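One structure is given below, encoded as structure tokens.
The structure presented is a predicted model; accordingly, all values stated were derived computationally and were not measured. One-based numbering, in listed order, for ligands and for the atoms of each.
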Amino acid sequence: MLNIVLFGPPGAGKGTQAEKLIEKYNLVHLSTGDILRAELKAETELGKEAKKFMEKGELVPDSVVIGMIVAKIDANPNAKGFIFDGFPRTTAQAEALDEVLNKKGTPISIMLALFVDDDELIKRLLLRGKDSGRADDQDQSIIENRIKVYNKDTAPVIDFYDDKNKYKAIDGVGSIDEIFFRLCEAIDSV
Ligand code: B4P
């Protein structure tokens, strides 16, 4: 089983690359951002709770996100593997994911971290904000807060996987195909 954590700051290209990787490796794509946006749209209780955090560029509480992802893993018992996109975003989330996957005997194979400088991230997200309808992409101060939250709460997750020799840094600047090639090279060497 191939279980990949696709990691990086907002706008690093996680969602974009995950779409290509699931096709090539026949994996199930679990994006916490996508799942939360679907809950928001359906106006569920979970969605209403998450909205308060997402619209400010803050992280949704671990208890909400962890329960959500565990339910999605359990809902796909025949998966050949998963791409975790935007999850884990805190060390507590990484620990919870490890526990669940270890119980199933299918641990994370590799954590691929995309690196992109802040100016490029802001440029990409503002561009997406023009036609995506995502409120969190339309306001530069919200984008900057997301990057700040990434550096403070999410970047430490790298150490969690580095300690397990599962961390691989990937240059996230270049064409979408160039970056895809770099990711595939790293996966194929696992
Ligand atoms: P996400 O949906 O994960 O938001 P994101 O990080 O901005 O998306 P992504 O990283 O996939 O975008 P991509 O780079 O592909 O989360 C949104 C919010 O949900 C969070 O702020 C948080 O509140 C909440 N949340 C989600 N998960 C959570 C968790 N685990 N815990 C707590 N809260 C959580 O794309 C960006 C743009 O760049 C696109 O327009 C794309 O076309 C462009 N792009 C991609 N690759 C490019 C390239 N090579 N060159 C130029 N442009 C490129």
Side-chain angles (χ1 to χ4, degrees), residues 4-22 29-41 46-73 82-98 100 111-157 160 170-183:
I4 299 169
V5 170
L6 194 56
F7 191 83
K14 302 183 295 287
T16 306
Q17 295 295 336
E19 287 303 327
K20 294 172 75 72
L21 291 169
I22 51 167
H29 182 196
L30 293 185
S31 157
T32 38
D34 287 351
I35 301 166
L36 289 168
R37 279 186 290 278
E39 297 279 345
L40 234 83
K41 202 168 165 214
L46 194 156
K48 283 180 204 161
E49 175 67 13
K51 186 167 186 259
K52 293 185 229 159
F53 298 91
M54 293 173 77
E55 63 189 11
K56 287 186 277 185
E58 300 290 337
L59 292 181
V60 175
D62 285 341
S63 54
V64 175
V65 184
I66 292 169
M68 205 175 78
I69 209 92
V70 171
K72 292 285 176 185
I73 295 171
F82 294 95
I83 290 199
F84 297 95
D85 162 6
F87 183 92
R89 258 179 162 94
T90 62
T91 303
Q93 292 181 16
E95 284 166 353
L97 181 64
D98 231 36
V100 173
M111 186 257 218
L112 301 165
L114 291 165
F115 280 85
V116 176
D117 58 89
D118 289 0
D119 288 348
E120 172 72 12
L121 294 175
I122 293 169
K123 204 171 83 188
R124 287 183 189 179
L125 293 174
L126 285 172
L127 194 68
R128 181 170 70 183
K130 281 189 184 156
D131 45 30
S132 72
R134 275 181 60 170
D136 61 344
D137 284 344
Q138 285 166 16
D139 182 321
Q140 185 154 342
S141 65
I142 296 175
I143 293 174
E144 283 168 356
N145 191 43
R146 286 157 66 196
I147 295 173
K148 201 174 101 196
V149 170
Y150 169 82
N151 288 325
K152 181 171 154 284
D153 297 326
T154 303
V157 173
F160 180 88
I170 304 285
D171 179 3
V173 179
S175 74
I176 288 170
D177 284 340
E178 277 164 356
I179 298 160
F180 181 60
F181 181 78
R182 291 172 201 151
L183 291 167

So if I apply the side-chain hydrogen bond (donor to acceptor under 3.5 Å, both in side chains) rule between T90 and each of D153, T154, D62, which one comes out positive?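 Of D153, T154, D62, side-chain hydrogen bond (donor to acceptor under 3.5 Å, both in side chains) with T90 is met by D62 alone.
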
I need the single residue from Q140, K56, E58 that forms a side-chain hydrogen bond (donor to acceptor under 3.5 Å, both in side chains) with N145. Which is it?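 In the set Q140, K56, E58, the residue that makes a side-chain hydrogen bond (donor to acceptor under 3.5 Å, both in side chains) with N145 is E58.
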
Going by the atom numbers of ligand 1, which of them fall below 4.0 Å from some non-hydrogen atom of [X]?
{"X": "P10", "value": "6 (O), 7 (O)"}
{"X": "F87", "value": "30 (N)"}
{"X": "G15", "value": "11 (O), 15 (O)"}
{"X": "G174", "value": "48 (C), 49 (N), 50 (N)"}
{"X": "I179", "value": "49 (N)"}
{"X": "G86", "value": "27 (N), 28 (C), 29 (C), 30 (N)"}
{"X": "V65", "value": "29 (C), 30 (N), 31 (N), 32 (C)"}
{"X": "T16", "value": "15 (O), 35 (O), 41 (C), 45 (C)"}

For ligand 1, which is the ligand I care about here, please tell me if [X] has any N or O atom under 3.5 Å from one of the ligand's N or O atoms.
{"X": "K14", "answer": "yes"}
{"X": "R128", "answer": "yes"}
{"X": "G57", "answer": "no"}
{"X": "V60", "answer": "yes"}

Could you measure the distance from the [atom1] atom of [X] to the [atom2] atom of [Y]? Nearest 0.5 Å is fine.
{"X": "D118", "Y": "N151", "atom1": "CG", "atom2": "CG", "result": "6.5 Å"}
{"X": "R146", "Y": "S141", "atom1": "CZ", "atom2": "OG", "result": "11.0 Å"}
{"X": "I143", "Y": "R134", "atom1": "CD1", "atom2": "CZ", "result": "9.5 Å"}
{"X": "L112", "Y": "I179", "atom1": "CG", "atom2": "CD1", "result": "12.5 Å"}
{"X": "L125", "Y": "Q138", "atom1": "CG", "atom2": "CD", "result": "11.5 Å"}

Greater than 12 external heavy atoms within 6.0 Å of K51's NZ: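 No.
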
Tell me, yes or no, whether the heavy-atom count around F115 atom CZ, taken from other residues, nucleotides or ligands under 6.0 Å, exceeds 12.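 Yes, enclosed.
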
[atom]: the protein heavy-atom neighbour that sits closest, reported with distance to 0.1 Å:
{"atom": "atom 14 (O) of ligand 1", "value": "G13 N, 2.4 Å"}
{"atom": "atom 27 (N) of ligand 1", "value": "T32 OG1, 2.7 Å"}
{"atom": "atom 24 (C) of ligand 1", "value": "L36 CD1, 3.7 Å"}

Is there a donor-acceptor contact under 3.5 Å from the side chain of Q17 to the main chain of I176?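 Answer holds: yes.
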
Closest to [atom] among [options] (heavy-atom distance):
{"atom": "atom 16 (O) of ligand 1", "options": "E58, R89, M54", "value": "R89"}
{"atom": "atom 51 (C) of ligand 1", "options": "Q17, R124, Q93", "value": "R124"}
{"atom": "atom 17 (C) of ligand 1", "options": "R146, K123, E178, R134", "value": "R134"}

Any salt bridge linking K148 with E144? Criterion: basic side-chain nitrogen under 4.0 Å from a carboxylate oxygen.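 Looking at K148 and E144, the cut-off is not met.
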
Under a 4.0 Å threshold between the charged nitrogen and the carboxylate oxygen, would D137 count as salt-bridged to R124?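 No, R124 and D137 are not salt-bridged.
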
Should the proximity of L127 to ligand 1, defined as any heavy atom under 4.0 Å, be assigned to the side chain, the backbone, both, or neither?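 For L127, there is no contact with ligand 1 at all, from either part.
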
